[in-house]
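Below, read A as the first sequence line, B as the second, and so on, with proteins coming before strands; counting in each chain starts at 1.
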Protein chains: 2
Amino acid sequence: MVRWEPGTRERLQAAALELFTERGFEQTTAADIAAAVGVSERTFFRHFPDKREVLFDGQSRLVDAVVEGLRAAPADAPALDVVAAGLRAGAELFPDDLRAWARLRRAVIAEHPALLERERHKMAGLARTMRAALVARGTSEPAATLAAESGSTVFTVAFGQWIAEGEHRSLAELQTAVLDDLRSLTGTASDRGTA
Amino acid sequence: MVRWEPGTRERLQAAALELFTERGFEQTTAADIAAAVGVSERTFFRHFPDKREVLFDGQSRLVDAVVEGLRAAPADAPALDVVAAGLRAGAELFPDDLRAWARLRRAVIAEHPALLERERHKMAGLARTMRAALVARGTSEPAATLAAESGSTVFTVAFGQWIAEGEHRSLAELQTAVLDDLRSLTGTASDRGTA
DNA sequence: TCTAGTGATGACAGCCGCTGACATGAGATC
DNA sequence: GATCTCATGTCAGCGGCTGTCATCACTAGA
């Protein structure tokens, strides 16, 4: 007889998303989530350092993929192109059949400032890691920070479009389009009329 | 006889920064801060919605100043120049004699992830407000988001340089320099005549 | 001058997030 | 079969935060 079922962590995440969706984040206690899975509250906090984090697992996989993409980019590529390569690698983690899940998750996050705060923090972590990877490749400051932060913004904007109702393009396509917008914003399209 | 001294809020903020610096954020309870000022813990939470917020008051003044600067920019100016105008207005809130205070505050924030998270959130709020102001001026999406997020990044980077040891340039000067870096990062070299 | 607000505060009870400490027992290792 | 490992249960407890009600200097109106 098995003492504990495997996959406790994943079941906690699924139960949390479901309960948050039903009753809301604040109306769901950590003990509720644990009970739904049949474990103790203490076990919940052994898997996740805090209640919000149950929604933000898997972030490290994204970061790893992006950094891997950054590293694989040609050595002589401009910083923003290197970032673009990283984002493309990250986009592969989001095939189209994850859209529904991403939408549900986003809906929960959007309604609770504490969750929005955590999400921002996660994106900041992505930017920080990209910056470090750029610096390791030889990019100087503040170009590395600016490129990394811009990349993080592009990811966020493109992701928001990706989960929009009726959107059919892939995340990678959307990232490319947003990146083009960014280039035209700060480059040729905006260098006129500065006075 | 006066029932309560005025300026409770400000005294709470000063006591909090002092205690956080001495013992650290987590080692200081809200009750400690309240006791240092001679009020009850309940009063602390009447002035600040949560313990972190005691370090982040005054953010709204920055946001207001930046938005005011945005609104005052020429109607036909490109989005990033409008953002630059907003940042210049915001920089006026940070005369050089605030550097010491800003450094102290930054040191506390830098050591506690929960405070970094809140700071990110505040900057995100600035970006969101700038974006709305840009949209209200007629800037389209996603240019508005990208310009606003870029502006927020420029502010953060410039602010970090401003409080660096040995730095003597003003915040406005640093913002201009960082903005130039951003422009050259994403495309054509800048050719600016901004006063 | 009496009276009815007003508003910042104190006092207190209580929920919940989160942690430390210790015990437990099924499976793996040797 | 003895021992080790390690995810879990149990329990006590702190601190963040909130709702509720009382207090009382001060103010405004009758």
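Inspection of the Glu173(A) and Ser170(A) side chains reveals an N or O donor paired with an N or O acceptor under 3.5 Å. Residues Thr145(B) and Glu141(B) have side chains that bring a donor and an acceptor to within less than 3.5 angstrom of each other.
The distance between the ring centers of Phe94(A) and Phe159(A) falls below 6.0 angstrom.
When rounded to the nearest whole Å, the span between CD of Gln27(B) and C1' of dC14(D) equals 13 Å. dA8(C) atom P lies 15 Å from atom CZ of Arg11(B), rounded to whole Å. Atom pair Arg118(A):CZ and dG17(C):P shows a separation of 14 Å (rounding to whole Å applied). Leu12(A) places its CG atom 12 Å from the C1' atom of dA7(D), with the value rounded to the nearest Å. The interatomic distance linking Glu41(B) (CD) with dA13(C) (C1') rounds to 13 Å, in whole Å. One atom, NE2 of His112(A), and another, C1' of dC16(C), lie 16 Å apart when rounded to the nearest Å. Here dG15(D) presents its P atom at 13 Å from CD1 of Ile33(B), a figure rounded to the nearest Å. Atom CG in Leu115(B) sits about 12 Å away from atom P in dG16(D), given to the nearest Å.
At a cut-off of 3.5 angstrom, the base of dG17(C) holds no donor-acceptor pair with the side chain of Arg52(A). Judged by atom type and distance alone, Arg42(B) reaches the base of dG19(D) through a side-chain donor-acceptor pair under 3.5 Å.
With Lys51(A) contributing its side chain and Thr28(A) its backbone, the two residues share a donor-acceptor pair below 3.5 Å.
Applying side-chain hydrogen bond (donor to acceptor under 3.5 Å, both in side chains) to Lys122(A) and the options Glu117(A), Gln59(A), Glu53(A) leaves one that passes, Glu53(A).
A close approach under 4.0 Å does not occur between any side-chain nitrogen or oxygen of His47(A) and OP1 or OP2 of dA7(D). In terms of phosphate contacts, Thr43(A) brings no side-chain nitrogen or oxygen within less than 4.0 Å of OP1 or OP2 of dA7(D). Contact check, Thr29(A) against dC15(C): no side-chain N or O comes under 4.0 Å of OP1 or OP2.
The side chain of Arg46(B) lies closest to dT9(C) when the candidates are dT9(C), dG9(D), dG17(C).
Using a 4.0 Å heavy-atom criterion, one finds that Ser40(A) contacts the bases of the nucleic acid, with or without backbone contacts as well.
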